[in-house]
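Take a look at the structure set out below.
Note that this is a predicted model, so its numbers are computed, not measured.
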Amino acid sequence: MTTRTESEEMSTPTLAPHPDAPTGHKSPEGRVGAGLFDPKQLLKSLPDALRKLDPRVMVKSPVMFVVWIGSVLTTAFSFKDPGDWFGWTISAWLWLTVVFANLAEAVAEGRGKAQADTLRKAKTDTVARKADGTVVAGTELRIGDLVVCEVGDIIPGDGDVVEGVASVDESAITGESAPVIRESGGDRSAVTGGTKVLSDRIVIKITTKPGETFIDRMINLVEGAARQKTPNEIALNILLASLTIVFLLAVATLPPLADYAGTHLTMVVLVALLVCLIPTTIGALLSAIGIAGMDRLVQRNVLAMSGRAVEAAGDVSTLLLDKTGTITLGNRQAAEFVPVRGTTEAEVADAAQLSSLADETPEGRSVVVLAKERYGLRERHQGELAGAEWIAFTAQTRMSGVDVDGRKIRKGAAGSVIAWVAEQGGEIAADAREVTDRISGAGGTPLLVAVEDAEGARVLGVIHLKDVVKEGMRERFEELRRMGIKTVMITGDNPLTAKAIAEEAGVDDFLAEATPEDKMALIKREQAGGKLVAMTGDGTNDAPALAQADVGVAMNTGTSAAKEAGNMVDLDSNPTKLIEIVEIGKQLLITRGALTTFSIANDVAKYFAIIPALFAAVYPGLDKLNIMGLSSPDSAILSAVIFNALIIIALVPLSLKGVQYRPVSADKLLRRNLTVYGLGGLVAPFIGIKLIDLLISLIPGL
Amino acid sequence: MGPVLAGVLQLLALIGALALAYIPLGDYMAKVYSTDKHWRVEKWIYKGIGADPDTEMRWTAYLRGVLAFSAVGVLFLYLLQRVQGVLPGSLGFASIDPDQAFNTAVSFVTNTNWQSYYGEQAMGHVVQTAGLAVQNFVSAAVGIAVAVALVRGFARSRTGELGNFWADLVRGVVRILVPGAFVAAIVLVACGAIQNFSGIHEVGQFMGGSQQWNGGAVASQEAIKELGTNGGGYFNANSAHPFENPTPFTNLFEIFLILVIPFALTRTFGVMVGSVKQGYAILATMATIWIGFTALMMWTEFAHHGPAFDIAGGAYEGKEVRFGVGGSSIFATATTLTSTGAVDSFHSSFTGLGGGITMLGMMLGEIAPGGTGSGLYGMLIMAVIAVFIAGLMVGRTPEYLGKKIGAREIKLAACYILVTPALVLVFTAAAMALPTPVNSMTNSGAHGFSEILYAYTSASNNNGSAFAGLNADTQWFNSALGLCMLFGRFLPMVFVLALAGSLAEQKPVPATAGTLRTEKPLFTGLLVGAILIVTGLTYFPALALGPLAEGLAS
């Protein structure tokens with residue numbers, strides 16, 4: 001029982017499904033571990049990092065701005081006392097701390113820049129031939145202009161095909177070299193500026209102003225020019241700023257206390273203490289984490305129109321997945337041959353195979369393959385049978401078959417075959433209807449096989465066509481359930497069929513005979529319950545739902561209305577990717593949380609390094625806090641500052657790659673991450689500071 | 001039975017009693033703040049003050065109620081002290097000076113009960129009973145009301161309404177504090193605490209000379225002093241005075257009174273948000289810190305060595321022999337981990353580290369279990385911060401009890417945790433930098449600094465206990481500490497109520513397997529860690545120069 005929409009989807013040439021999409025494999029790095037980090041990028045991004053020392057840029061990150069001011073102060077005080085090697089060294093390391101933070105951001109941005117350059121190449125200056133015959137530059141096009149593109153033309157701007165059909169090379173945007181068909185009307189009418197017409201002639205109605213085209217937006221996005229802080233990032237910044245103020249208070253109020261205790265704290269020491277206490281690690285890496293999160297999506301050929309959408313992806317609790325192409329393979333396949341009374345399975349298989357040789361549709365081929373695999377029937381070729389008259393499958397007759405040796409064999413949709421048998425004066429076996437009903441009831445599609453020979457016309461048996469659930473989907477949905485995400489299968493099938501497939505695939509719920517209005521209603525219902533909903537879509541009628549969903553991923557093959565409505569575009573047009581998008585969103589949030597926790601936990605060790613160094617001279621008892629046994633007060637403070645700077649560089653790869661993420665329950669995730677980043681954050685600096693102190697103490701003269 | 005064992009047994013008995021009271025009291029309080037029935041006496045009060053107890057208030061209206069009521073309270077108490085000299089029943093005491101009257105008025109209205117006066121030498125029956133004792137009830141009720149408003153913020157959705165302040169205030173007094181204090185006063189009287197309106201008695205001493213003993217409505221004031229986590233003693237010696245706290249049993253009973261409402265409020269919270277497990281998680285966090293601190297305190301007080309300590313069997317200086325090191329340690333920890341500030345021993349005389357523990361208890365924000373109401377809301381704010389830091393690690397934007405912790409929520413929580421450190425540190429530094437405040441110290445060195453640090457910590461956190469030794473009746477200390485108490489009480493309340501309003505407006509996010517489970521032990525551990533690191537570390541340098549320097553010296 002396929003619906004109109006689905007058969008349409010099947011007949012439309014789209015990009016091949018992503019080869020590695022739904023395999024459910026678990027790589028040790030975690031599925032969404034990503035792009036390798038190359039230390040050379042650090043060196044390459046150094047000039048950018050130095051440029052970011054401009055206070056007008058620094059002020060955007062409150063924590064690092066405080067470090068920047070601290071660096072200026074210590075440097076100024078070092079100039080007042082030029083013989084003080086300690087002041088100079090601290091100043092140098094404070095500047096390095098700032099530079100390292102900028103470097104993290106610059107490296108993250110650098111990766112996007114490379115992508116932007118590739119895109120720019122596609123956006124060469126194009127010339128547009130308008131329908132009225134005039135020729136203008138691509139940049140002078142206005143919305144509503146009609147342009148003509150023929151073989152070899154670069155499409156001058158985003159628009160919809162209003163006339164003709166053409167194959168288009170979209171590799172400039174998608175990286176996929178197989179051409180796609182663009183035609184007027186329907187859901188495949190959108191074309192993107194910068195892509196190339198490979199055949200035929202189309203007339204395009206321009207829908208976007210120059211400078212705001214898809215490719216322009218892509219360039220902005222991957223470069224980070226359009227980057228705005230996301231809600232959670234803003235909230236985290238507020239918390240970091242307030243922690244900075246708390247520690248600023250703790251340090252700023254210290255001098256009178258120290259004076260009373262009988263020791264004078266220099267500006268250099270105070271700044272060093274402050275920088276060690278404020279959450280510099282997360283403050284330095286926060287924006288790099290955000291950029292890298294977007295970048296991880298770009299690497300998977302997904303463009304997020306805003307960082308907000310990536311964050312929302314992590315929060316998604318309901319996934320709406322289209323059945324076809326996402327949960328099931330695009331085509332149904334023959335699963336079994338069921339004989340009616342009086343025939344054998346082998347007979348049915350033989351007749352089914354013969355009658356399907358002239359059926360080039362995927363379903364027809366699957367019949368041949370099943371006969372071969374299950375019944376050992378060698379695949380015969382049309383030429384082998386002399387004198388055979390082949391009847392090819394057409395959408396009108398909905399049957400295929402062959403007339404050979406006086407036998408007429410037909411196979412096709414139940415209604416067509418029954419009509420054919422009746423036409424030949426034959427009878428329909430009583431149990432044929434039972435079998436077809438049973439197959440429909442189980443969610444399959446029955447095809448009848450009939451023959452007309454000396455014994456008259458009759459139905460031999462039934463071919464059971466099944467939707468084939470993609471391998472590994474069940475496990476994938478199981479994982480999603482553990483992550484607390486509900487999956488809803490959307491299909492045009494009738495409820496019975498939908499239920500059977502839903503059960504086989506292991507989704508939590510399904511929406512059968514779905515209309516765009518149903519989808520919209522489902523989304524609103526879920527959202528009313530406080531849930532965040534993610535979906536994919538490509539058609540113009542999906543646009544309202546895409547806009548309503550918290551994460552709406554439009555397929556690049558879709559209409560411009562769909563792309564406009566969604567907040568992400570999947571250039572591969574692979575709906576399964578929604579699951580990866582959710583995982584990337586989660587990974588982004590986890591990385592932020594992990595490094596925040598790490599950064600704050602670090603403070604404990606730094607106190608144990610610096611407090612005894614500052615005050616053990618006046619209160620010898622405090623030397624008991626020097627549990628690391630650091631060699632001298634100067635070396636202790638310096639070690640803490642150096643550790644504080646180096647940890648930023650050490651964590652740059654982690655912040656770019658994201659922390660390891662596995663789809664498990666919140667409990668397990670928290671336990672694991674708390675152990676690694678919470679306890680790790682407590683312990684690591686004790687070891688790190690001690691090691692640095694050991695090295696420093698080896699320097700002669702200290 | 002050795003003193004250590006005795007201390008441990010007392011602690012166990014206390015835990016048992018608190019456990020018994022937990023569910024009935026917690027459930028009762030939840031009912032008090034959820035029902036829409038009014039008692040007759042309450043209706044009279046509403047009529048008297050002209051309040052409609054059934055109007056729902058948004059957070060701004062609720063806050064206006066809190067502030068207006070408290071402002072009137074400060075003004076009334078100030079005037080009462082200023083005219084004491086002409087009031088009857090004042091035992092002949094003069095009117096209080098303006099700076100001290102301001103300090104005392106603020107102190108009692110903010111549930112701090114810092115006392116820069118000697119109760120038996122300054123305050124007559126009228127001020128004690130009509131002024132101070134009344135504030136003991138209502139200031140505690142205000143604290144609970146604000147906590148309940150925050151709980152409603154979590155429990156309600158798609159509304160900005162937080163309940164009615166006047167109803168919450170009156171019910172807290174009429175249905176919880178008055179009956180509780182009544183029973184407690186009878187127990188105290190039965191055990192030997194005094195309750196009369198008698199005058200000053202001249203009593204001869206064993207060693208010659210004479211002493212003046214006041215009568216007074218002591219037991220009734222003592223009951224609410226502990227039950228409402230107030231802490232302002234009738235006598236200067238506070239709960240060390242035999243008229244206030246005559247026996248080891250009353251000592252333990254008073255500790256019980258201090259802790260019972262703050263702990264039980266976590267149950268109230270659990271019931272009101274519809275998950276008692278969430279209440280247990282908060283309870284577990286409070287209990288972990290409280291038991292940890294008590295154990296540490298007993299350890300440092302028992303284990304401290306030196307010839308005098310060894311002869312006495314522990315650090316006995318400044319402690320009552322009838323309570324012992326154990327009873328005193330439990331009391332000291334309970335009073336500083338709540339906003340009580342009553343003392344049965346002198347914190348200044350504790351070992352260096354023991355003194356540090358009392359200070360750290362207050363510095364954590366008095367949230368384990370904290371003051372009546374203020375403990376719960378302080379702890380919930382810390383839970384919001386902890387959820388925000390660690391909640392991200394489950395791969396979702398942070399949420400607590402189904403409410404998203406976004407920029408607005410974190411801004412308010414961050415402001416809350418900024419207030420007291422700012423007050424404590426800035427005022428302490430100012431006191432150390434200015435020439436005169438240092439003259440109030442009795443001791444020099446680290447211990448002298450501890451006196452000042454303790455005073456500002458106590459005032460800003462609305463504790464009210466003193467480290468002893470510091471002469472706080474100076475214009476500087478009366479004014480500065482008064483401001484600390486005022487800002488330390490009401491600024492956090494502003495942020496708490498604003499947060500409650502913001503939470504109440506949200507629609508709830510349903511919990512899934514991907515949601516951070518805040519009712520699990522893991523979260524409790526996380527919350528304890530966050531509290532110790534985020535608030536504890538703020539004060540590390542200051543503590544290092546005071547109690548740590550002293551405690552680690554030997």
Side-chain angles (χ1 to χ4, degrees), chain A residues 231-232 234-235 238-239 242-243 245-247 249-251 253-254 256-261 277 311 314-315 317 481-486 529-531 585-587 589-590 592-594 596-597 600-601 603-604 607 611 615 619-622 624-625 661 665-667 669-671 673-674 677-678, chain B residues 385 388-398 402 405-407 409-411 414-415 417-418 421-422 425-426 428-430 432-433 438 446 449 507-517 520 522-523 525-526 529-530 533-534 537-542 544-545 548-554:
Chain A
N232 176 258
I234 292 171
I238 292 173
L239 181 72
S242 71
L243 287 176
I245 297 174
V246 166
F247 286 119
L249 281 170
V251 173
T253 54
L254 204 49
L257 278 52
D259 286 341
Y260 169 80
L277 295 181
E311 235 168 52
D315 275 351
S317 41
R481 203 164 301 124
R482 280 201 297 274
M483 289 153 64
I485 295 172
K486 181 172 120 180
K531 289 180 172 167
K586 286 195 176 296
Q587 194 191 28
L589 295 173
I590 294 174
R592 238 180 239 162
T596 307
T597 309
I600 294 172
D603 277 2
V604 178
Y607 266 129
I611 293 295
F615 301 121
Y619 293 125
L622 290 179
K624 287 179 189 156
L625 294 178
Y661 172 71
S665 71
D667 269 354
L669 266 180
L670 182 63
R671 190 173 303 275
N673 289 326
L674 258 188
Y677 300 99
Chain B
I385 300 271
F388 189 83
I389 294 172
L392 285 170
M393 285 196 291
V394 302
R396 290 171 68 91
T397 56
I405 308 301
E409 288 76 22
I410 205 68
K411 194 187 291 169
C415 286
I417 58 166
L418 273 177
L425 293 171
V426 169
T428 303
M432 299 311 288
V438 185
F449 170 67
K507 62 179 180 189
V509 184
T512 67
T515 311
L516 174 69
R517 303 281 292 275
K520 293 277 184 141
L522 188 62
F523 179 72
L526 169 73
I533 291 182
V534 173
L537 286 190
T538 311
Y539 298 100
F540 197 93
L545 292 173
L548 276 179
E550 191 188 349
L552 294 173
S554 51

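- Looking at B:P541, both its backbone and its side chain come within 4.5 Å of chain A, counting heavy atoms on both sides.
- Per-residue heavy-atom pair counts under 4.5 Å with chain A were compared for B:P508, B:P398, B:P421, B:G525, and the maximum is reached by B:P508.
- Of all the listed residues (A:P620, A:A261, A:S317, A:G529), the one sharing the greatest number of non-hydrogen pairs under 4.5 Å with chain B is A:G529.
- For the pair A:S665 and A:M483, the minimum side-chain heavy-atom distance is 4.5 Å or more.
- Options B:A542, B:P510, B:A544, B:A433 differ in how many heavy-atom pairs under 4.5 Å they form with chain A, and the most are formed by B:P510.
- With A:K624 contributing its side chain and B:L552 its backbone, the two residues share a donor-acceptor pair below 3.5 Å.
- Counting heavy atoms from C-beta outward, A:I590 and A:L669 have side chains that approach closer than 4.5 Å.
- With a 4.5 angstrom heavy-atom cutoff, B:T538 touches chain A via backbone and side-chain atoms both.
- With chain A as partner, the option from B:C415, B:G391, B:A446 having the largest number of non-hydrogen pairs under 4.5 angstrom is B:A446.
- With chain B as the partner, the residue from A:Y677, A:Y619, A:Y607 showing the most heavy-atom pairs under 4.5 Å is A:Y607.
- Of the two parts of B:K411, the backbone and the side chain both hold a non-hydrogen atom closer than 4.5 Å to a non-hydrogen atom of chain A.
- Between chain A and the residues B:T512, B:I385, B:V394, the largest count of heavy-atom pairs under 4.5 Å involves B:V394.
- Interatomic distance, CG of B:L392 versus CG of A:L670, reported as 11.0 Å (0.5 Å rounding).
- Interface check for chain A: of the options B:L548, B:L537, B:V509, B:L522, the most heavy-atom pairs under 4.5 Å are formed by B:L537.
- Contacts of A:I600 with chain B are made by both backbone and side-chain atoms, with heavy-atom separations under 4.5 Å.
- No other option in A:R481, A:K486, A:R592, A:K531 has as many heavy-atom pairs under 4.5 Å with chain B as A:K531.
- Listed options B:A414, B:A513, B:A407, B:G402 were ranked by heavy-atom pairs under 4.5 angstrom with chain A; first place goes to B:A513.
- Looking at B:F388, the atoms closer than 4.5 Å to chain A (heavy atoms on both sides) all sit in the side chain, from C-beta outward.
- For the pair A:L257/A:F615, no side-chain contact is recorded, criterion being any heavy-atom separation below 4.5 Å from C-beta on.
- Not a single donor-acceptor pair under 3.5 Å links the side chain of A:Y661 to the backbone N or O of A:K586.
- Chain B forms the most heavy-atom pairs under 4.5 Å with one residue out of A:L589, A:T596, A:V251, and that residue is A:L589.
- Within the 4.5 angstrom heavy-atom criterion, atoms from both the backbone and the side chain of A:A594 approach chain B.
- Proximity to chain A (any heavy atom under 4.5 Å) is shown, for B:I389, by both the backbone and the side chain.
- Side-chain contact between A:D259 and B:M432 is absent, with no heavy-atom pair separated by less than 4.5 Å.
- In this structure the side chain of B:L545 never reaches within 4.5 angstrom of the side chain of A:Y260, judged on heavy atoms.
- Chosen from A:D315, A:L622, A:L277, A:L243, the residue pairing most often with chain B at heavy-atom distances under 4.5 Å is A:D315.
- Interatomic distance, CG of A:L249 versus OH of B:Y539, reported as 9.5 Å (0.5 Å rounding).
- When heavy atoms are compared at a cutoff of 4.5 Å, A:D603 approaches chain B by way of both its backbone and its side chain.
- Counting heavy atoms from C-beta on, the side chains of B:T428 and A:T253 never come closer than 4.5 Å.
- Looking at A:I485, neither its backbone nor its side chain comes within 4.5 Å of chain B, counting heavy atoms on both sides.
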Between A:T597 and B:M393, is the side-chain contact (heavy atoms from CB on, under 4.5 Å) condition met? List the steps.
CA-CA 9 Å; A:T597 309; B:M393 285 196 291; 3.4 Å; yes

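- The side-chain heavy atoms of B:V438 and B:F449, taken from C-beta on, include no pair separated by under 4.5 Å.
- Side-chain atoms of A:E311 do not come within 3.5 Å of backbone N or O of B:T397 as any donor-acceptor pair.
- Looking at B:A430, there are no atoms closer than 4.5 Å to chain A (heavy atoms on both sides), in backbone or side chain.
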